[in-house]
Enquirer: 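I am attaching a structure below and will ask some questions about it afterwards.
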Amino acid sequence: MPTELSSKHATADDIPVLVALVNSAYRGEASTQGWTTEAHLLDGQRTDAAALLDLLAAPKATILQCAAPTGQLLGSVYLHPEPDGVLYMGMLSVAPKQQGQGIGKYLLEAAEAYAHQNACSRIRITVISVRTELLAWYERHGYRRTGATEAFPTDTRFGIPRQPLELLVLEKQLAR
């Protein structure tokens with residue numbers, strides 16, 4: 001893992017670069033350069049500026065950005081403490097050409113730190129059920145399937161499925 005990474009909380013000014021990062025990590029031709037692509041499952045974009053601004057508007061929610069020493073944005077993750085002591089983590093994104101270098105793990109560790117700062121004892125995520133390699137990655141990092149599922153969003157602003165999809169709910173219990 002790169003040792004000189006830095007992180008900061010996103011502001012509205014960061015939205016354009018975050019939209020570009022997230023979409024490049026999951027959709028389109030650029031995403032196929034990394035292993036997190038969903039381009040074979042969904043057409044269209046992963047997110048847009050309005051959606052990211054809505055996410056940031058939630059109380060205590062943040063998008064944590066990870067940058068190289070040069071300031072280049074390498075990754076990001078959405079974090080939102082929920083009332084039940086759970087931190088919801090979503091949209092973990094790493095630039096396709098930077099994947100496999102520990103940036104995702106760095107963001108997972110930053111999410112755990114944010115969870116502790118907000119008195120959360122668990123982290124909850126959702127993953128598309130057919131993303132076996134991504135499910136395995138999260139499981140290697142301590143996340144466990146809860147048995148719960150969620151319907152895949154029907155809002156086409158976030159992609160147009162090429163096949164029926166559902167989301168699996170995973171959680172990680174945090175050490176105190």
Side-chain angles (χ1 to χ4, degrees), residues 1 7 9-10 18 21-23 25-27 31 34-48 51-52 54-66 75-94 96 99-100 102-176:
M1 176 170 23
S7 61
H9 297 275
L18 286 168
L21 170 74
V22 172
N23 285 324
Y26 290 102
R27 307 286 164 76
S31 73
W35 69 273
T36 62
T37 185
E38 296 172 349
H40 60 294
L41 299 172
L42 296 128
D43 291 318
Q45 65 187 13
R46 171 64 178 83
T47 194
D48 59 25
L52 293 184
D54 286 347
L55 290 175
L56 282 178
K60 294 190 178 182
T62 192
I63 298 175
L64 190 63
Q65 301 176 97
C66 171
S76 65
V77 64
Y78 172 69
L79 305 170
H80 180 223
E82 297 179 344
D84 59 356
V86 172
L87 179 74
Y88 177 77
M89 180 177 74
M91 221 175 339
L92 192 146
S93 306
V94 175
Q99 293 177 13
I103 296 163
K105 183 176 179 181
Y106 175 89
L107 288 166
L108 288 180
E109 291 170 358
E112 289 187 26
Y114 193 74
H116 286 297
Q117 292 167 9
N118 287 277
C120 296
S121 59
R122 294 174 292 154
I123 299 178
R124 181 177 299 136
I125 61 173
T126 57
V127 178
I128 297 173
S129 62
V130 295
R131 297 289 316 279
T132 55
E133 71 290 347
L134 189 56
L135 288 161
W137 186 81
Y138 279 112
E139 288 171 333
R140 284 192 304 274
H141 289 90
Y143 289 81
R144 300 292 170 249
R145 298 175 197 211
T146 65
T149 61
E150 294 180 8
F152 191 83
T154 57
D155 187 337
T156 56
R157 289 185 314 148
F158 308 116
I160 302 163
R162 294 181 178 191
Q163 67 186 61
L165 299 172
E166 73 175 347
L167 300 171
L168 300 183
V169 179
L170 289 80
E171 287 189 356
K172 180 176 183 177
Q173 184 72 39
L174 300 177
R176 288 277 176 202

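Numbers for residues simply follow the sequence, beginning at 1.
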Enquirer: If I compare all heavy atoms of S121 with all of Q173, which pair ends up nearest, and what's the gap?
Expert: O-NE2, 3.3 Å
Enquirer: Using atom types as modelled and distance alone, determine if a side-chain donor or acceptor of Q99 lies under 3.5 Å from a backbone N or O of W35.
Expert: yes
Enquirer: Considering all heavy atoms of both residues, which atom of S93 and which atom of A25 are nearest to each other, and what is their separation?
Expert: CB-CB, 4.1 Å
Enquirer: What's the separation between atom SG in C66 and atom CD in E109, rounded to the nearest 0.5 Å?
Expert: 11.0 Å
Enquirer: Out of curiosity, Y143 OH to L135 CG, how far, rounded to the nearest 0.5 Å?
Expert: 13.0 Å
Enquirer: Please identify which of these residues, T132, V130, T126, meets the side chain to side chain contact (heavy atoms under 4.5 Å, CB included) condition with I128.
Expert: V130
Enquirer: Measure across L108 and Y138 and return the closest heavy-atom pair with its distance rounded to 0.1 Å.
Expert: CD2-CE2, 3.9 Å
Enquirer: Just to verify, which of R122, R124, K60 counts as forming a salt bridge (Lys or Arg N to Asp or Glu O under 4.0 Å) with E82?
Expert: R124
Enquirer: Contact between Q45 and R157 at the side-chain level, heavy atoms closer than 4.5 Å - yes or no?
Expert: yes
Enquirer: Return the CG to OH distance between L64 and Y78, rounded to the nearest 0.5 Å.
Expert: 13.0 Å
Enquirer: What is the distance from atom CG of L21 to atom CD1 of I63, rounded to the nearest 0.5 Å?
Expert: 10.0 Å
Enquirer: Considering only heavy atoms from C-beta outward, does the side chain of R131 approach that of L168 to under 4.5 Å?
Expert: no
Enquirer: Heavy atoms, side chains only, cut-off 4.5 Å: are V86 and C120 in contact?
Expert: no
Enquirer: I'd like to know if the side chain of R145 and the backbone of E139 have a donor-acceptor N/O pair within less than 3.5 Å.
Expert: no
Enquirer: For R162 and L41: C-alpha separation, side-chain torsions, deciding distance, then whether side-chain contact (heavy atoms from CB on, under 4.5 Å) applies.
Expert: CA-CA 5 Å; R162 294 181 178 191; L41 299 172; 5.9 Å; no
Enquirer: Just wondering, do F152 and S129 contact through their side chains at under 4.5 Å, heavy atoms?
Expert: no
Enquirer: Should T47 and L55 be marked as a side-chain contact (heavy atoms from CB on, under 4.5 Å) after you check the CA-CA gap, both sets of side-chain angles, and the distance that decides it?
Expert: CA-CA 11 Å; T47 194; L55 290 175; 5.6 Å; no
Enquirer: If I take atom CD from residue E112 and atom CE from residue M89, how far apart are they, to the nearest 0.5 angstrom?
Expert: 8.5 Å
Enquirer: Taking all atoms of both residues into account, what is the closest heavy-atom pair of M91 and Y26, and its distance?
Expert: C-OH, 3.9 Å
Enquirer: Ring-plane angle category for Y114 and H9, please: parallel below 30°, perpendicular beyond 60°, tilted otherwise.
Expert: tilted
Enquirer: I want to check something: taking the side chain as every heavy atom from C-beta on, are T149 and V169 in contact at a cut-off of under 4.5 Å?
Expert: no
Enquirer: What pair of heavy atoms forms the shortest contact from S76 to L107, and how long is it?
Expert: N-CD1, 3.5 Å
Enquirer: Under 4.0 Å between a side-chain nitrogen and a carboxylate oxygen: does that hold for E171 and R144?
Expert: no
Enquirer: With rounding to the nearest 0.5 Å, note down the distance linking CG in D43 to CD1 in I160.
Expert: 6.0 Å
Enquirer: Using a 4.5 Å cut-off on heavy atoms from C-beta on, say whether the side chain of N118 contacts that of L79.
Expert: no
Enquirer: Could you tell me whether the side chain of L174 reaches within less than 4.5 Å of the side chain of L87, counting heavy atoms only?
Expert: no
Enquirer: Minimum heavy-atom separation for L18 to A10, with atom names?
Expert: CD1-CB, 3.6 Å
